[in-house]
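In what follows, every heavy atom counts, from backbone to side chain, and hydrogens, waters and symmetry copies are set aside.
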Amino acid sequence: MNFLLQDEPAGVPHISIKLLQLFGVTGRPEERFRILPVMLTYFFFIVVPKCFFGYPDLEITIIGTAELIFQSNTFCGMFLLFLNRHKLAQFITQVRTFSLTVLRESPPAVVQHLTTQHDFIHKITKIYCIVVMFAAHFYVLTPLLSTLYAFYGTVRNDNVIVHYTLQMEENFYGLQTRTTTSHYLLFGMIMTPTIYLCAFTGTVKILSICNITMYCTLYFQLVQLKLRTVTQDNTFNRQEVKSIVVMHQDALNCASLVESITSLVLLQQLLLCVMIWSSMLLYFTVSGFDLNFINLLVLFAFDTTETFAYCYFGEQLSNESARVAHTVYESGWETQTTDIQKDLQLILARAQRPVGITAGKFCYMNMKQLGIIVKTTYSIYVILRDQF
C-alpha cells in the first residue's frame with residue numbers, strides 16, 4: 001500500500017484513511033480484526049508487566065508509571081477510534097462527496113484553495129511521520145548503545161557488575177533483564193518491535209484526529225471563499241446562494257461527525273495528559289540527568305506536541321466556522337431580495353452555533369483549555385513533589 005500516492009480527490013485525508021486501515025478501523029469489515037493483535041501486545045507486553053511485577057526503586061516506579069499512562073493513552077485512544085469506525089466510514093463518505101462537489105461545481109479560486117491546502121496538509125503529514133520515525137529510532141537504539149558501552153566496560157574490568165539499560169522500564173515476567181545477558185537479549189527482541197508499534201500507533205492516532213480536524217477547518221474556509229467569490233460584484237445568484245447553503249450544511253455535518261468520533265479520545269487525552277505531565281515533572285525533579293531522563297523527555301515532548309495540536313487545530317476549526325457568519329455580514333445581504341435574504345439568514349443562524357472538537361462534550365479543545373491543563377498539571381505536580 002503506497003501511503004504517499006494521492007489516489008483520493010483533493011480534500012480527502014487519504015493518508016489517515018490508509019493508516020487506519022492497517023488497524024482495521026477503516027476498510028473492509030473482514031479487516032476489523034487487525035486491532036486484536038495490537039491490543040493483545042499492549043496488554044501482555046506493557047500492562048501486565050508494569051502492573052503486576054513491581055519496580056526496584058522509586059525513580060524507576062515513576063518512570064514505569066509515566067510510560068504506562070503514556071502508552072495507555074496511545075492504545076486506548078486507537079481502540080476508541082476503532083469503536084467509532086462506523087462514524088468514520090460515514091465521515092469518509094461525506095468528505096468524498098463534499099470534495100467532488102467542490103471540485104466539480106465551484107469557481108476556480110475555490111478549487112485552487114482546496115488543492116493548495118490539500119497539498120500543504122499532505123506535506124505536513126509526511127514531515128511529522130519522518131520526525132516521529134527518527135524519534136522512535138532514538139528511543140529504541142539509545143538504550144541498546146548504552147548497554148553495549150556498559151558491557152564493554154565490564155569486559156575490561158571484571159570487578160564491575162553490568163547493569164543493562166532497558167528500552168522500557170518494567171520487570172518482564174520475572175526475568176533478570178537488568179543483570180542477565182540472555183534475559184536482556186530476550187527482552188530486547190520482544191520490546192524492540194513493541195516500541196515501534198507504540199510509536200506507529202501513536203502517530204496514526206494523532207495524525208488521524210488532526211487531519212480530519214484540519215480538513216473540516218478547510219471546508220469552512222471553502223464556504224467563506226465561495227461566498228466571497230459569488231458576492232464580489234454585489235450581485236447574488238439565487239442558485240449559487242442555495243449551493244452555498246448546502247455546502248455549509250455539509251461542512252457542519254462533517255464537523256459534527258468529527259466531534260462525535262474524537263470526543264471520548266480527547267476526554268481521555270485531557271485526563272491522562274495531566275497525569276503524564278505530573279509524573280514526568282516529578283521524575284525530572286527527583287532524578288539526575290541520565291539516559292532515562294532523556295528517554296522520558298522524548299515522551300514528554302511527544303505528549304506535549306499531541307495535546308497542543310488538538311487544542312490548536314480545535315481552535316482553528318471553531319474560528320473558521322464562526323467566520324462564516326462574518327463573511328455573510330460583510331456581503332451586503334440586507335440589500336438583497338427577500339428570497340436571497342432568507343437563504344443567507346439560514347447560513348447566519350447555523351454559523352452562530354458553536355463548532356469544534358470537545359473532550360467528552362464537557363469542554364472545547366482550544367488554547368484556553370490548554371492553559372487550564374497546564375495550570376492543573378502544575379498544581380498536581382506541586383502536591384506530588386511535597387509528598388517526596
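- For K361 and E259, the salt-bridge test passes: some basic side-chain N is under 4.0 Å from an acidic carboxylate O.
- In the model, W277 has no side-chain atom that pairs as donor or acceptor with a side-chain atom of T307 under 3.5 Å.
- In terms of heavy-atom proximity, I69 sits nearest to L272 at CG2-O, 3.8 Å.
- At a threshold of 4.5 Å between non-hydrogen side-chain atoms, the residues I92 and P13 do not count as touching.
- Note: C210 SG to I121 CD1 = 11.0 Å, rounded to the nearest 0.5 Å.
- Ring-plane geometry between H122 and H118 is classed as parallel, the angle between the planes falling under 30 degrees on a 0 to 90 degree scale with a further cut at 60.
- Side-chain atoms of L270 and L266, non-hydrogen and from C-beta on, never get closer than 4.5 Å to each other.
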Next item on the list: Start with the C-alpha gap between F91 and C216, add the side-chain angles, then the distance that decides, and say whether side chain to side chain contact (heavy atoms under 4.5 Å, CB included) holds.
Entry: CA-CA 10 Å; F91 174 78; C216 277; 3.9 Å; yes
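- I63 and V48 fall within a single hydrophobic cluster, where Ile, Leu, Val, Met, Phe, Trp and Tyr are joined by side-chain heavy atoms under 4.5 Å apart, directly or via other members.
- Between the side chain of T115 and the backbone N or O of Q112, at least one donor-acceptor pair lies under 3.5 Å.
- For the atom pair CD1 (I212) and CZ (F313), the distance works out to 12.5 Å, reported to the nearest 0.5 Å.
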Check: Should K50 and I46 be marked as a side chain to side chain contact (heavy atoms under 4.5 Å, CB included) after you check the CA-CA gap, both sets of side-chain angles, and the distance that decides it?
Finding: CA-CA 6 Å; K50 286 182 176 295; I46 298 177; 4.0 Å; yes
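- Of all non-hydrogen atoms in G11 and Y215, the two that sit nearest each other are O-CD2, 3.4 Å.
- Heavy atoms from other residues, nucleotides or ligands lying under 6.0 Å from CZ of F53 number more than 12.
- Side-chain contact check for K18 versus L22: every heavy-atom pair is 4.5 Å or farther apart.
- Two residues are said to be in side-chain contact when any heavy atoms from C-beta on lie closer than 4.5 Å; D250 and Q94 meet this criterion.
- For the side-chain contact (heavy atoms from CB on, under 4.5 Å) test with F220, the passing option among V324, T327, L225, N319 is V324; the others fail.
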Checklist line | CA sep, side-chain torsions, deciding dist, call: Y364, I357, side chain to side chain contact (heavy atoms under 4.5 Å, CB included) | finding: CA-CA 6 Å; Y364 283 96; I357 52 177; over 6 Å; no
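- Counting heavy atoms from C-beta on, the side chains of I190 and F172 come closer than 4.5 Å.
- The minimum heavy-atom distance between T377 and S278, with the atom names listed, is O-OG, 3.5 Å.
- Annotation: M39, atom CE; neighbour count of heavy atoms from other residues, nucleotides and ligands within 6.0 Å is above 12.
- Under the 4.5 Å side-chain contact rule for hydrophobic residues, F33 and V38 do not share a cluster.
- Between L114 and A10 the shortest heavy-atom distance is CD2-O, 3.6 Å.
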Next item on the list: Just do the side chain to side chain donor-acceptor pair (under 3.5 Å) check on Y42 and T74 with the steps written out, would you?
Entry: CA-CA 10 Å; Y42 158 70; T74 296; over 6 Å; no
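- The OG1 atom of T203 lies 5.0 Å from the CZ atom of F302; values are rounded to the nearest 0.5 Å.
- Proximity of the aromatic rings of F82 and F23 is defined here by a centroid distance below 6.0 angstrom, and this criterion is not met.
- Contact detail for L317 and G356: the closest heavy-atom pair is CD2-CA, 3.9 Å.
- Residues I195 and M133 are members of separate hydrophobic clusters, defined by side-chain heavy-atom contacts under 4.5 angstrom among Ile, Leu, Val, Met, Phe, Trp and Tyr.
- By the rule that hydrophobic residues join a cluster once side-chain heavy atoms approach within less than 4.5 Å of another member, V246 and V110 end up as members of separate clusters.
- The six-membered or imidazole ring of H137 lies near that of Y196, with a centre-to-centre distance under 6.0 Å.
- To the nearest 0.5 angstrom, L20 atom CG is 9.5 Å from L207 atom CG.
- Here the SG-CD distance, from C311 to Q269, works out to 8.5 Å after rounding to the nearest 0.5 Å.
- Within the 4.5 Å cutoff, no side-chain heavy atoms of Q316 are placed close to those of M214.
- Side-chain contact between L370 and E315 is absent, with no heavy-atom pair separated by less than 4.5 Å.
- Under the 3.5 Å distance criterion, the side-chain polar atoms of Q71 are left unmatched by any main-chain donor or acceptor of C198.
- Distance alone, capped at 3.5 Å, is enough to place a donor-acceptor pair between the H183 side chain and the Q176 backbone.
- For E105 and S243, the side-chain atoms include no donor-acceptor pair closer than 3.5 Å.
- Contact record, I347 with I244: CD1-CG2, 3.8 Å, taken as the closest heavy-atom pair.
- When the shell of 6.0 Å around OH of Y173 is examined, it contains more than 12 heavy atoms from other residues, nucleotides or ligands.
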Note to self: Using side chain to side chain contact (heavy atoms under 4.5 Å, CB included), reason through M365 and T358 one step at a time and then give a plain yes or no.
What the structure shows: CA-CA 5 Å; M365 296 295 287; T358 66; 6.0 Å; no
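- In this structure, N366 CG and S318 OG are separated by 6.5 Å, a value rounded to the nearest 0.5 Å.
- The closest side-chain donor-acceptor pair between Q117 and Q221, if any, does not fall under 3.5 angstrom.
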Next item on the list: Quick one: do K226 and E240 satisfy salt bridge (charged side-chain N to carboxylate O under 4.0 Å, His left out)? Show the steps, please.
Entry: CA-CA 9 Å; K226 187 171 182 178; E240 290 179 331; over 6 Å; no
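- Residues Q21 and T26 bring no donor and acceptor atom of their side chains to less than 3.5 Å of each other.
- Residues I127 and I206 do not share a hydrophobic cluster, clusters being chains of Ile/Leu/Val/Met/Phe/Trp/Tyr side chains in contact below 4.5 Å.
- Taking the side chain as every heavy atom from C-beta outward, D303 and C273 approach each other to under 4.5 Å.
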